[in-house]
Amino acid sequence: MPELPEVENLRISLLPALVGARLNRLVVYHPDVLINPGKLDPAGHICLGIQRRGKYLRLCFDSDLIMEVHLRMTGHLLLRPDESVLPPAYPRSEHIHVGCEWEKDGSSFLLLYQDTRRFGRIELISRADLDARSTGSGNLGPEPFADECNAEYLCRRVARHSRLPLKSFLLDQSVIAGLGNIYVDEILFAARLNPLRPAAGLAPEEAERIVSHMRRILNAAIAAKGTTFRDYVDGHNRKGSFQEQLFVYGRGSEPCHICGTTLVNARIGGRNTVYCPTCQSDAETVPEPQ
DNA sequence: AGTAGCCCCTGCCCGC
DNA sequence: TGCGGGCAGGGGCTAC
Ligand SMILES: [Zn+2]
(Lines give C-alpha, C1' and ligand atoms only; values in the text may rest on other atoms or scores of the structure.)
Protein backbone atom coordinates (compact mmCIF):
# COMPACT_ATOMS: atom_id res chain seq x y z
CA MET A 1 0.00 0.00 0.00
CA PRO A 2 1.72 3.15 -1.11
CA GLU A 3 1.96 5.66 1.73
CA LEU A 4 4.15 8.74 2.03
CA PRO A 5 7.53 6.95 1.79
CA GLU A 6 6.45 4.93 -1.23
CA VAL A 7 4.96 7.90 -3.07
CA GLU A 8 8.07 9.95 -2.29
CA ASN A 9 10.31 7.18 -3.59
CA LEU A 10 8.17 6.89 -6.70
CA ARG A 11 8.48 10.65 -7.21
CA ILE A 12 12.26 10.51 -6.99
CA SER A 13 12.40 7.54 -9.35
CA LEU A 14 10.40 9.38 -12.01
CA LEU A 15 12.19 12.73 -11.86
CA PRO A 16 15.13 12.03 -14.23
CA ALA A 17 12.91 10.69 -16.99
CA LEU A 18 9.95 13.03 -16.78
CA VAL A 19 11.28 16.48 -15.95
CA GLY A 20 11.89 18.26 -19.20
CA ALA A 21 10.03 15.63 -21.21
CA ARG A 22 7.06 16.37 -23.44
CA LEU A 23 3.91 14.29 -23.16
CA ASN A 24 2.89 13.54 -26.73
CA ARG A 25 -0.19 11.38 -26.25
CA LEU A 26 -2.44 10.20 -23.44
CA VAL A 27 -4.47 7.02 -23.89
CA VAL A 28 -7.18 6.05 -21.43
CA TYR A 29 -7.91 2.33 -21.53
CA HIS A 30 -10.31 2.34 -18.60
CA PRO A 31 -12.37 5.51 -18.24
CA ASP A 32 -13.19 4.92 -14.57
CA VAL A 33 -9.60 5.71 -13.60
CA LEU A 34 -9.60 9.21 -15.04
CA ILE A 35 -11.56 11.88 -13.20
CA ASN A 36 -13.21 14.31 -15.63
CA PRO A 37 -12.15 12.44 -18.79
CA GLY A 38 -11.54 14.67 -21.77
CA LYS A 39 -11.79 17.88 -19.80
CA LEU A 40 -8.10 18.73 -20.18
CA ASP A 41 -5.55 17.25 -22.57
CA PRO A 42 -1.91 17.17 -21.49
CA ALA A 43 -0.69 16.36 -25.01
CA GLY A 44 2.05 18.72 -26.09
CA HIS A 45 2.86 19.94 -22.59
CA ILE A 46 6.26 19.77 -20.91
CA CYS A 47 6.67 18.26 -17.44
CA LEU A 48 8.42 20.89 -15.34
CA GLY A 49 8.52 19.01 -12.02
CA ILE A 50 6.94 16.37 -9.83
CA GLN A 51 5.50 17.19 -6.43
CA ARG A 52 4.11 15.05 -3.64
CA ARG A 53 1.44 16.12 -1.17
CA GLY A 54 0.49 13.43 1.30
CA LYS A 55 -0.07 10.33 -0.80
CA TYR A 56 -0.87 12.37 -3.91
CA LEU A 57 1.68 12.63 -6.71
CA ARG A 58 1.47 15.65 -8.99
CA LEU A 59 3.09 15.88 -12.40
CA CYS A 60 3.34 19.61 -13.01
CA PHE A 61 3.29 20.77 -16.62
CA ASP A 62 3.67 24.13 -18.30
CA SER A 63 0.56 26.31 -18.50
CA ASP A 64 -0.26 25.41 -14.86
CA LEU A 65 -1.60 22.03 -15.89
CA ILE A 66 -1.32 19.28 -13.29
CA MET A 67 -1.80 15.53 -13.49
CA GLU A 68 -2.65 14.39 -9.98
CA VAL A 69 -2.31 10.67 -9.26
CA HIS A 70 -3.44 8.68 -6.22
CA LEU A 71 -2.30 5.06 -6.23
CA ARG A 72 -4.66 3.92 -3.44
CA MET A 73 -4.00 0.22 -2.87
CA THR A 74 -2.41 -1.34 -5.92
CA GLY A 75 -1.66 1.52 -8.31
CA HIS A 76 1.70 1.77 -10.07
CA LEU A 77 3.38 4.23 -12.41
CA LEU A 78 5.84 2.30 -14.55
CA LEU A 79 8.39 3.63 -17.02
CA ARG A 80 8.93 1.69 -20.22
CA PRO A 81 12.13 3.27 -21.55
CA ASP A 82 12.46 0.88 -24.49
CA GLU A 83 8.95 1.39 -25.86
CA SER A 84 7.69 4.44 -27.67
CA VAL A 85 4.19 3.71 -28.99
CA LEU A 86 1.13 2.75 -26.97
CA PRO A 87 -0.82 -0.24 -28.31
CA PRO A 88 -4.55 0.03 -29.07
CA ALA A 89 -5.21 -2.18 -26.06
CA TYR A 90 -3.46 -4.19 -23.36
CA PRO A 91 -4.45 -7.68 -22.24
CA ARG A 92 -6.97 -7.36 -19.44
CA SER A 93 -4.72 -9.38 -17.16
CA GLU A 94 -2.07 -6.63 -17.23
CA HIS A 95 -4.45 -4.11 -15.61
CA ILE A 96 -2.97 -1.17 -17.50
CA HIS A 97 -5.61 1.55 -17.49
CA VAL A 98 -3.81 4.69 -18.71
CA GLY A 99 -0.70 5.21 -20.80
CA CYS A 100 1.39 8.20 -21.88
CA GLU A 101 3.86 8.57 -24.73
CA TRP A 102 6.74 10.90 -23.90
CA GLU A 103 9.65 12.45 -25.73
CA LYS A 104 12.84 13.92 -24.34
CA ASP A 105 16.17 14.71 -25.99
CA GLY A 106 15.05 13.01 -29.17
CA SER A 107 14.18 9.68 -27.56
CA SER A 108 10.75 8.29 -26.74
CA PHE A 109 9.41 6.26 -23.83
CA LEU A 110 6.18 5.26 -22.15
CA LEU A 111 4.71 5.79 -18.70
CA LEU A 112 1.94 3.35 -17.75
CA TYR A 113 -0.64 3.45 -15.00
CA GLN A 114 -1.18 -0.11 -13.81
CA ASP A 115 -3.66 -0.91 -11.04
CA THR A 116 -4.97 -4.39 -10.28
CA ARG A 117 -7.87 -3.33 -8.09
CA ARG A 118 -8.48 -0.11 -9.96
CA PHE A 119 -8.99 1.92 -6.78
CA GLY A 120 -6.52 4.58 -7.86
CA ARG A 121 -7.42 7.77 -9.68
CA ILE A 122 -5.79 10.21 -12.09
CA GLU A 123 -7.04 13.74 -12.54
CA LEU A 124 -6.05 16.49 -14.93
CA ILE A 125 -6.64 19.82 -13.28
CA SER A 126 -5.45 23.40 -13.48
CA ARG A 127 -3.32 24.81 -10.68
CA ALA A 128 -6.04 27.37 -9.96
CA ASP A 129 -8.74 24.71 -9.59
CA LEU A 130 -6.47 22.61 -7.42
CA ASP A 131 -5.64 25.53 -5.15
CA ALA A 132 -9.34 26.34 -4.77
CA ARG A 133 -10.31 22.81 -3.80
CA SER A 134 -11.46 22.14 -0.23
CA THR A 135 -12.00 18.38 -0.26
CA GLY A 136 -9.76 15.41 -0.98
CA SER A 137 -6.31 16.59 -1.96
CA GLY A 138 -7.42 20.10 -1.02
CA ASN A 139 -8.20 19.11 2.56
CA LEU A 140 -4.91 17.66 3.72
CA GLY A 141 -3.24 18.26 7.04
CA PRO A 142 0.39 19.31 7.32
CA GLU A 143 3.20 17.20 5.95
CA PRO A 144 4.87 15.12 8.69
CA PHE A 145 8.15 17.00 8.29
CA ALA A 146 6.61 20.46 8.33
CA ASP A 147 7.38 22.65 11.35
CA GLU A 148 3.68 23.10 12.11
CA CYS A 149 3.24 19.33 12.39
CA ASN A 150 4.35 19.29 16.00
CA ALA A 151 3.15 18.08 19.40
CA GLU A 152 1.33 21.30 20.16
CA TYR A 153 -0.62 20.96 16.90
CA LEU A 154 -1.61 17.36 17.65
CA CYS A 155 -2.73 18.18 21.19
CA ARG A 156 -4.87 21.00 19.85
CA ARG A 157 -6.23 18.91 16.98
CA VAL A 158 -7.37 15.94 19.07
CA ALA A 159 -9.81 18.15 20.97
CA ARG A 160 -12.33 17.85 18.10
CA HIS A 161 -12.51 14.07 18.51
CA SER A 162 -14.32 12.95 21.63
CA ARG A 163 -14.08 9.21 21.14
CA LEU A 164 -12.17 8.55 17.93
CA PRO A 165 -9.47 5.89 18.45
CA LEU A 166 -5.94 7.29 18.30
CA LYS A 167 -5.18 5.13 15.28
CA SER A 168 -8.16 6.48 13.30
CA PHE A 169 -7.09 10.01 14.21
CA LEU A 170 -3.63 9.47 12.71
CA LEU A 171 -5.08 7.85 9.58
CA ASP A 172 -7.21 10.96 8.94
CA GLN A 173 -5.47 12.73 6.06
CA SER A 174 -6.82 16.09 7.22
CA VAL A 175 -4.85 15.65 10.46
CA ILE A 176 -1.50 14.62 8.96
CA ALA A 177 -1.00 14.01 5.25
CA GLY A 178 0.54 10.76 4.10
CA LEU A 179 0.21 8.20 6.90
CA GLY A 180 -1.48 4.88 6.14
CA ASN A 181 -2.14 1.60 7.86
CA ILE A 182 1.43 0.30 7.85
CA TYR A 183 3.19 3.37 9.21
CA VAL A 184 0.53 4.29 11.77
CA ASP A 185 0.85 0.84 13.34
CA GLU A 186 4.64 1.15 13.34
CA ILE A 187 4.57 4.68 14.78
CA LEU A 188 2.18 3.77 17.60
CA PHE A 189 4.29 0.73 18.50
CA ALA A 190 7.49 2.78 18.59
CA ALA A 191 5.74 5.48 20.63
CA ARG A 192 4.36 2.80 22.98
CA LEU A 193 0.80 4.09 22.56
CA ASN A 194 -2.27 1.88 22.33
CA PRO A 195 -4.09 2.31 18.99
CA LEU A 196 -7.50 1.78 20.66
CA ARG A 197 -7.29 4.60 23.17
CA PRO A 198 -9.21 7.77 22.36
CA ALA A 199 -7.26 10.46 20.55
CA ALA A 200 -8.71 13.02 22.93
CA GLY A 201 -6.63 13.51 26.03
CA LEU A 202 -3.32 12.96 24.29
CA ALA A 203 -0.63 14.27 26.63
CA PRO A 204 2.03 16.67 25.31
CA GLU A 205 4.77 14.17 26.07
CA GLU A 206 2.86 11.47 24.18
CA ALA A 207 2.37 13.77 21.21
CA GLU A 208 6.11 14.46 21.22
CA ARG A 209 6.74 10.73 20.98
CA ILE A 210 4.35 10.44 18.03
CA VAL A 211 6.05 13.27 16.14
CA SER A 212 9.62 12.11 16.76
CA HIS A 213 8.97 8.44 15.96
CA MET A 214 6.85 9.38 12.95
CA ARG A 215 9.71 11.37 11.44
CA ARG A 216 12.32 8.77 12.31
CA ILE A 217 10.30 5.91 10.81
CA LEU A 218 9.29 7.79 7.67
CA ASN A 219 12.90 8.85 7.08
CA ALA A 220 14.11 5.28 7.53
CA ALA A 221 11.41 4.00 5.18
CA ILE A 222 12.33 6.55 2.51
CA ALA A 223 15.99 5.60 2.89
CA ALA A 224 14.99 1.95 2.40
CA LYS A 225 13.08 2.96 -0.75
CA GLY A 226 9.72 2.12 0.77
CA THR A 227 7.89 -0.94 1.99
CA THR A 228 7.07 -3.69 -0.49
CA PHE A 229 4.66 -5.74 1.58
CA ARG A 230 2.68 -7.00 -1.36
CA ASP A 231 3.40 -5.30 -4.62
CA TYR A 232 4.74 -1.77 -4.30
CA VAL A 233 7.44 -0.91 -6.85
CA ASP A 234 8.86 2.41 -8.06
CA GLY A 235 8.89 3.75 -11.60
CA HIS A 236 11.68 1.34 -12.54
CA ASN A 237 9.77 -1.66 -11.17
CA ARG A 238 12.11 -1.81 -8.15
CA LYS A 239 10.97 -2.98 -4.75
CA GLY A 240 11.66 -1.34 -1.42
CA SER A 241 13.12 -3.08 1.62
CA PHE A 242 11.55 -1.44 4.67
CA GLN A 243 9.33 -4.52 5.13
CA GLU A 244 12.44 -6.08 6.68
CA GLN A 245 12.32 -3.50 9.46
CA LEU A 246 8.64 -3.67 10.42
CA PHE A 247 7.91 -4.42 14.06
CA VAL A 248 4.16 -5.03 14.01
CA TYR A 249 2.44 -4.57 10.63
CA GLY A 250 1.55 -7.96 9.20
CA ARG A 251 2.89 -9.74 12.31
CA GLY A 252 -0.33 -10.49 14.20
CA SER A 253 -0.05 -13.66 16.37
CA GLU A 254 3.75 -13.51 16.13
CA PRO A 255 5.99 -12.63 19.10
CA CYS A 256 6.83 -8.99 19.80
CA HIS A 257 10.42 -8.23 18.81
CA ILE A 258 10.88 -6.25 22.04
CA CYS A 259 9.18 -8.30 24.76
CA GLY A 260 8.08 -11.60 23.20
CA THR A 261 4.38 -11.10 23.92
CA THR A 262 2.11 -12.43 21.18
CA LEU A 263 1.07 -9.49 18.98
CA VAL A 264 -2.67 -8.85 18.80
CA ASN A 265 -4.89 -8.21 15.78
CA ALA A 266 -7.71 -5.72 16.26
CA ARG A 267 -10.17 -4.06 13.93
CA ILE A 268 -10.18 -0.27 14.24
CA GLY A 269 -12.24 1.87 11.90
CA GLY A 270 -12.58 -1.07 9.55
CA ARG A 271 -8.80 -1.51 9.29
CA ASN A 272 -6.75 -4.39 10.60
CA THR A 273 -4.44 -3.27 13.37
CA VAL A 274 -1.52 -5.04 15.01
CA TYR A 275 -0.13 -4.00 18.37
CA CYS A 276 1.70 -5.39 21.39
CA PRO A 277 -0.57 -5.54 24.45
CA THR A 278 2.50 -5.29 26.70
CA CYS A 279 4.58 -2.59 25.01
CA GLN A 280 1.46 -0.57 24.17
CA SER A 281 -0.32 -1.10 27.45
CA ASP A 282 -1.29 2.44 28.35
CA ALA A 283 -4.39 0.48 29.31
CA GLU A 284 -5.94 2.78 31.85
CA THR A 285 -6.86 5.04 28.93
CA VAL A 286 -8.27 2.29 26.69
CA PRO A 287 -12.02 1.79 26.90
CA GLU A 288 -13.29 -1.69 27.71
CA PRO A 289 -14.89 -3.40 24.70
CA GLN A 290 -18.68 -3.47 24.86
C1' DA B 1 -19.59 18.51 12.89
C1' DG B 2 -17.88 14.28 14.10
C1' DT B 3 -18.44 9.48 13.44
C1' DA B 4 -19.82 4.95 11.55
C1' DG B 5 -20.59 2.17 7.82
C1' DC B 6 -20.78 0.98 3.03
C1' DC B 7 -18.71 0.72 -1.49
C1' DC B 8 -15.33 0.05 -4.97
C1' DC B 9 -12.20 -4.15 -7.12
C1' DT B 10 -9.29 -8.28 -7.83
C1' DG B 11 -6.07 -11.81 -6.34
C1' DC B 12 -4.87 -14.72 -2.94
C1' DC B 13 -5.48 -17.88 0.73
C1' DC B 14 -7.98 -21.08 3.42
C1' DG B 15 -11.20 -24.84 4.34
C1' DC B 16 -14.00 -28.42 2.63
C1' DT C 1 -8.54 -30.18 -7.93
C1' DG C 2 -12.22 -27.06 -7.64
C1' DC C 3 -14.92 -23.78 -5.54
C1' DG C 4 -16.89 -20.48 -2.38
C1' DG C 5 -16.10 -17.23 1.04
C1' DG C 6 -13.24 -14.10 3.60
C1' DC C 7 -9.84 -10.73 3.45
C1' DA C 8 -6.90 -6.78 2.09
C1' DG C 9 -7.94 -1.28 2.36
C1' DG C 10 -7.88 4.67 1.02
C1' DG C 11 -10.96 7.66 0.38
C1' DG C 12 -15.51 9.22 -1.29
C1' DC C 13 -19.98 9.06 -0.04
C1' DT C 14 -24.27 8.78 2.76
C1' DA C 15 -26.70 8.78 6.99
C1' DC C 16 -27.24 9.72 11.72
ZN1 LIG D 1 6.08 -6.00 23.22
Side-chain angles (χ1 to χ4, degrees), chain A residues 1-8 10 29-36 52-58 68-77 90-98 113-123 125 130 133-141 144 154 156-188 195-202 226-233 243 246 248-254 263-274 287 289-290:
Chain A
M1 295 116 275
E3 305 178 26
L4 185 150
E6 290 72 38
V7 179
E8 179 63 14
L10 172 64
Y29 297 104
H30 200 302
D32 286 0
V33 171
L34 202 66
I35 300 172
N36 296 327
R52 180 194 56 73
R53 180 77 174 92
K55 303 175 197 172
Y56 292 85
L57 191 74
R58 294 170 179 165
E68 185 176 77
V69 181
H70 197 299
L71 304 172
R72 293 282 177 90
M73 304 300 303
T74 55
H76 301 87
L77 283 173
Y90 280 96
R92 190 183 138 83
S93 60
E94 292 195 33
H95 302 292
I96 292 167
H97 308 305
V98 177
Y113 181 73
Q114 192 263 352
D115 189 349
T116 303
R117 287 180 209 169
R118 216 192 307 136
F119 276 15
R121 291 292 179 265
I122 297 176
E123 181 170 21
I125 187 170
L130 190 60
R133 169 172 293 178
S134 62
T135 62
S137 67
N139 185 32
L140 296 173
L154 288 181
R156 179 162 28 92
R157 192 64 174 71
V158 294
R160 285 155 52 173
H161 304 281
S162 56
R163 63 181 191 283
L164 197 68
L166 181 56
K167 167 160 181 171
S168 301
F169 173 76
L170 293 176
L171 282 175
D172 184 340
Q173 299 301 295
S174 73
V175 173
I176 301 175
L179 302 183
N181 209 30
I182 295 175
Y183 293 105
V184 166
D185 276 12
E186 294 298 313
I187 291 162
L188 289 174
L196 290 159
R197 60 175 276 178
L202 192 68
T227 299
T228 300
F229 192 81
R230 289 187 181 84
D231 58 0
Y232 165 75
V233 289
Q243 65 277 7
L246 297 177
V248 288
Y249 182 83
R251 298 195 63 248
S253 304
E254 294 179 36
L263 298 175
V264 170
N265 279 300
R267 196 130 198 112
I268 303 178
R271 310 254 154 78
N272 192 47
T273 304
V274 185
Q290 294 298 317

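Every value quoted in this text rests on a predicted model; they were computed, and no experiment measured them. Naming: A, B, ... by sequence-line order, numbering from 1 per chain.
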Length of the OH-P vector between A:Y232 and C:dG9, whole Å
18 Å
Counting the atoms with a prime plus P, OP1 and OP2 as sugar-phosphate, which does A:G136 contact under 4.0 Å by heavy atoms, base, sugar-phosphate, or nothing?
sugar-phosphate
Could you state the CG-C1' distance from A:N139 to C:dG10, rounded to the nearest angstrom?
15 Å
Heavy atoms under 4.0 Å, any strand shown: does A:Y56 hit a base, just sugar-phosphate, or nothing?
sugar-phosphate
Between P of B:dT3 and CD1 of A:I268, the distance in whole Å:
15 Å
Hey, is the main chain of A:L179 close enough, under 3.5 Å, to the side chain of A:E3 for a donor-acceptor pair?
no
Taking any heavy-atom pair under 4.0 Å as a contact, classify A:M1: base, sugar-phosphate, or nothing.
sugar-phosphate
Using the side-chain hydrogen bond (donor to acceptor under 3.5 Å, both in side chains) criterion, which residues pair with A:R53? Sequence neighbours excluded.
A:E143
N/O-N/O pairs, protein side and nucleotides 2-6 of chain C side, under 3.5 Å:
none

Do A:D115 and A:T74 meet the criterion of a side-chain donor-acceptor pair at a distance under 3.5 Å?
yes
Look up atom CE in A:M1 and atom CD1 in A:I182, then write down how far apart they are to the nearest 0.5 Å.
4.5 Å
Five-pair end axes of the helix from B:dG2-C:dC16 to B:dC16-C:dG2, angle between them (10°):
50°
Would you mind reading off the distance between A:E94 atom CD and B:dT10 atom C1', rounded to a whole angstrom?
16 Å
At under 4.0 Å between heavy atoms, what does A:Y183 touch on the DNA or RNA strands: base, sugar-phosphate, or nothing?
nothing
Start with the C-alpha distance between A:N181 and A:Y249, add both sets of side-chain angles, then the distance that settles side-chain contact (heavy atoms from CB on, under 4.5 Å), and finish with yes or no.
CA-CA 8 Å; A:N181 209 30; A:Y249 182 83; 3.9 Å; yes
Salt bridge (charged side-chain N to carboxylate O under 4.0 Å, His left out) pairs touching residues 167-180 of chain A, sequence neighbours excluded, are A:K167-A:D185
A:H76 has an atom NE2; how far is it from atom C1' of B:dT10, in whole Å?
13 Å
For C:dG10, take OP1 and OP2 only and decide whether either is under 4.0 Å from a side-chain N or O of A:Q173.
no
Pairwise N/O distances under 3.5 Å, protein to nucleotides 4-9 of chain B:
residue : atom : partner : partner atom : Å
B:dC9   : O4'  : A:R117  : O            : 3.3

What is the distance from CZ of A:R267 to P of C:dC7, rounded to the nearest Å?
7 Å
Taking only N/O atoms, report every protein-nucleotides 14-16 of chain C pair under 3.5 Å with atom names and distance.
none

Does the side chain of A:H95 pick up a donor-acceptor pair with the side chain of A:Q114 at under 3.5 Å?
no
Using OP1 and OP2 only, check whether a side-chain N or O of A:S162 sits under 4.0 Å from B:dT3.
yes
Side chain of A:N272: nearest nucleotide among B:dT10, B:dT3, C:dA8?
C:dA8
For the pair made of CG in A:L170 and C1' in C:dG10, what is the distance, rounded to whole Å?
16 Å
Under the salt bridge (charged side-chain N to carboxylate O under 4.0 Å, His left out) criterion, do A:R133 and A:E123 qualify, and how do the steps go?
CA-CA 13 Å; A:R133 169 172 293 178; A:E123 181 170 21; 2.9 Å; yes
Integer-rounded Å distance: C:dG9 P and A:E3 CD
10 Å
Please check if the distance between the ring centroids of A:H70 and A:Y56 is under 6.0 Å.
yes
